[in-house]
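Here is the structure we will look at.
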Amino acid sequence: MSASSPPSQSAEDYLERIHELIEEKGYARVIDIASSLKVKQGSVTSMVQKLGELGYLNYEKYRGLMLTEKGRAVACRIQKRHETLSRFFSLFELDAGTQQHDIEGIEHHLSPATVAILSDLATFFEKNPGTLRKFLSSRKGPNSEADGQQ
Ligand code: ZN
């Protein structure tokens, strides 16, 4: 293992969300992080503290939480992976809510090799729309496996 181990899965969730909030609003407040990750504010505070100690972010008076260079690099990598998964899942006519929910559920568990395969598969289908259509029409419906489950 390398000396600087990657952030844990839940740390990735936080970095991803903090990065998104800063991009959207210009700042990331504990209360917004808590509500968007559906966790208690106390959990956010302790994770933020830990991420600060690890050098991913710091707290600046007036500006609030800011990602460091290192934190931004990790957040950008996470965001890119999320976009790759979005590109892949959006090929299959799933609704946006399901896509978002499922990507959030799996993204931190995938190895780079798996993400690379999904990325290549997305590119393959994008370049071969006829093959994608053939696949989609081979299924019974847009949610053939999920039919009757909800
Ligand atoms: Zn994500």
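Counting convention: from 1, in listed order, for ligands and their atoms alike. None of these values were measured; they are calculated from a predicted model.
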Q: Salt-bridge test for E53 and K50: reply yes if a basic N is under 4.0 Å from a carboxylate O, no otherwise.
A: no

Q: Provide the atom name of the closest N, O or S atom of E107 relative to the Zn ion (ligand 1).
A: OE2

Q.
For the Zn ion (ligand 1), give me the closest N/O/S atom belonging to H82, just the atom name.
A. ND1

Q) Ignoring hydrogens and geometry, is there a side-chain-to-backbone donor-acceptor pair from S119 to V115 under 3.5 Å? A) no

Q: Find, among atoms of E16 that are N, O or S, the one nearest to the Zn ion (ligand 1), and state its name.
A: OE2

**Q.** Proximal heteroatom of E104 relative to the Zn ion (ligand 1) (N/O/S)
**A.** OE2

Q) What's the spacing between L136 CG and L91 CG if we round to 0.5 Å? A) 8.0 Å

(Q) I'd like to know if the side chain of D32 reaches the main chain of A28, judged simply by a donor and an acceptor atom lying under 3.5 Å from each other, with no hydrogens or angles considered. (A) no

